[in-house]
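Notes follow once the structure below has been shown.
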Number of protein chains: 2
Amino acid sequence: MTERGRPRTFDRTTALRRAMEVFWAKGYEGASMSDLTAAMGINSPSLYAAFGSKEALFLEAVELYTQVEGTDIWSALEKAPTACQAVERFLRQTAKAYSQTDRPQGCLIALGALHQDSSRGAICDDLRRRRAENRAALLRRLERGVAEGELPADFDCRVAATFYATVQHGMSIQARDGASRAALMATVAGAMAAWKGMAGTDT
Amino acid sequence: MTERGRPRTFDRTTALRRAMEVFWAKGYEGASMSDLTAAMGINSPSLYAAFGSKEALFLEAVELYTQVEGTDIWSALEKAPTACQAVERFLRQTAKAYSQTDRPQGCLIALGALHQDSSRGAICDDLRRRRAENRAALLRRLERGVAEGELPADFDCRVAATFYATVQHGMSIQARDGASRAALMATVAGAMAAWKGMAGTDT
DNA sequence: CCTTTTCTGTAATGATCGATACATAAATGT
DNA sequence: ACATTTATGTATCGATCATTACAGAAAAGG
């Protein structure tokens, strides 16, 4: 069961990563097929043969983004010993990732396709689903904090999860506006100042 | 000095408002000339005669948006007696405005054109400038709180202004994702929980 | 060898993009 | 009445959009 036919002359994963960077920088509708094929170093028939369509390519690129760029942020959330530290490290990793100067600033999932009608619905829905999943991950971590007795039983995990997810989304726009890493970290400090008020604890 | 030539058959301001709604819902690049002329009830030559170009129309639409939709939010910031109440009312007005169901959710200035390369640079720059001005208005209000002795002299107004501006931007994405007014208000509550931690006061 | 399979490059598809040429209509100025 | 000025509707511009025919090239199966 080896491969039949003429082998492709480019590395599929490398090309996909290039496409991810284009979508990341320009958004779904702002990235033209010319932009994509130029960045990927292939012609459009090769792109269609390998990925199916612009829409399918975008969905694969977002999945790659989630796995590659999101790991540090979300593992910080899971691995920290306390919920408070988890949220803080989560936000600090976000600030660090969003202010990298060797790649587009802000988050592909937050900024990739915000306007429903223009982009074919599936694109917008996929990103929305991923944003909802991110908020759900925050919520689970906070509920774990309640279950472990770290947070008071009446701690409103939903409100806190929504709040911190919103801050993270805002940081994407802030980063797109050219905010420095220090400025993003200051926002993190502001967001963590809310912790005491919400939890009644300072850990 | 009356008007020469054939009078136009549509109301310029009404047409501009329609264009604003289209840009608001679809973003700059997502709004096609067909979308605009259909919503404005005119043909493209009339649009170009009255507004110059799609880019100029967008800039005028954003200016109208700033004056019409932004008034409640920013007057709340100026009129409140204390800086704390100013920020809270500012955010609450934001939550209210972003969750109106009879118009697009979220903010045109935050969501209208986030990707630099695709939209002609001037569009992106104009929105960025307006976002910077909004942050500056927040900063001025906070500095007034320090000058009036309400806030401690070491209160970091820059950090707080950046933080609350970031929360507001995040609320645009949250609103676009369909968040209810109650959910946005919960985010406001979270953001105001940070006030104590930043200011050391509870007023 | 020949057939089959898959990829590659060129070139072109129809559709839509933003923007206009042009002739006509409707107002004012003299 | 006639010239001037401005707006309107139709019809179209070249450019670009995402997508695909098509023929040739490079591999494996027989």
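None of the values given here were measured: they were computed from a predicted structure. Just so you know, these numbers use all the heavy atoms, side chains as well, and skip hydrogens, waters and symmetry mates.
The residue B:Arg8 sits close only to the backbone: its heavy atoms come under 4.0 Å of sugar-phosphate atoms, none of a base.
Per the geometry, CG belonging to A:Leu47 stands 13 Å off C1' belonging to C:dC7, to the nearest Å. What separates CG of A:Asp35 from C1' of D:dA15 is a distance of 15 Å, to the nearest Å. As a whole-Å value, the separation of B:Lys26 NZ from C:dG18 P is 11 Å. Atom P of nucleotide D:dT8 and atom CZ of B:Phe51 are separated by 11 Å, given to the nearest angstrom. Rounded to whole angstrom, the span from the CE atom of A:Met40 across to the C1' atom of C:dC7 amounts to 15 Å. Look at CD1 on A:Ile42: it is 14 Å from P on D:dT19, rounded to the nearest Å. Between B:Arg12 atom CZ and D:dT8 atom C1' there is a gap of 17 Å when expressed in whole angstrom units. Remark: P of D:dC17 and CG of A:Leu36 are 10 Å apart, rounded to the nearest angstrom.
Closest approach to the B:Ser53 side chain among D:dG9, C:dA19, D:dA18 is made by C:dA19 (side chain taken as heavy atoms from C-beta onward). Out of D:dT4, C:dT10, D:dA28, the shortest distance to the side chain of B:Arg4 is found at D:dT4.
Side-chain contact check for A:Arg103 versus A:Glu69: some heavy-atom pair is nearer than 4.5 Å.
For the pair B:Asn43 and B:Gly5, nearest-nucleotide mapping onto DNA chain D gives the more 5' position to B:Gly5. In this structure, B:Lys54 and B:Pro45 both approach DNA chain C, and ranking their closest nucleotides by distance from the 5' end singles out B:Lys54. Checking B:Pro7 against B:Glu55, the closest nucleotide of DNA chain C that is more toward the 5' end is the one next to B:Glu55.
A donor-acceptor contact under 3.5 Å is formed by the side chain of A:Arg6 with the base of D:dA25. Judged by distance alone, with hydrogens and angles left aside, B:Ser44 brings a side-chain donor or acceptor within reach of the base of C:dT20, the pair sitting under 3.5 Å.
For B:Ser46 and D:dT8, the shortest distance from a side-chain N or O to OP1 or OP2 is below 4.0 Å. A sub-4.0 Å separation between OP1 or OP2 of C:dA19 and a side-chain N or O of B:Tyr48 is present. A:Ser32 has a side-chain polar atom (N or O) that falls below the 4.0 Å cut-off from OP1 or OP2 of D:dC17.
A salt bridge links B:Arg130 with B:Asp126; the closest basic N to acidic carboxylate O contact falls under 4.0 Å. Salt bridge annotation for B:Arg144-B:Glu148: present, with a cationic side-chain nitrogen under 4.0 angstrom from a carboxylate oxygen. A salt bridge links A:Arg140 with A:Glu133: the closest approach of a Lys/Arg side-chain nitrogen to an acidic carboxylate oxygen falls below 4.0 angstrom. With salt bridges taken as basic N to acidic carboxylate O contacts below 4.0 Å, one links A:Arg12 and A:Glu60.
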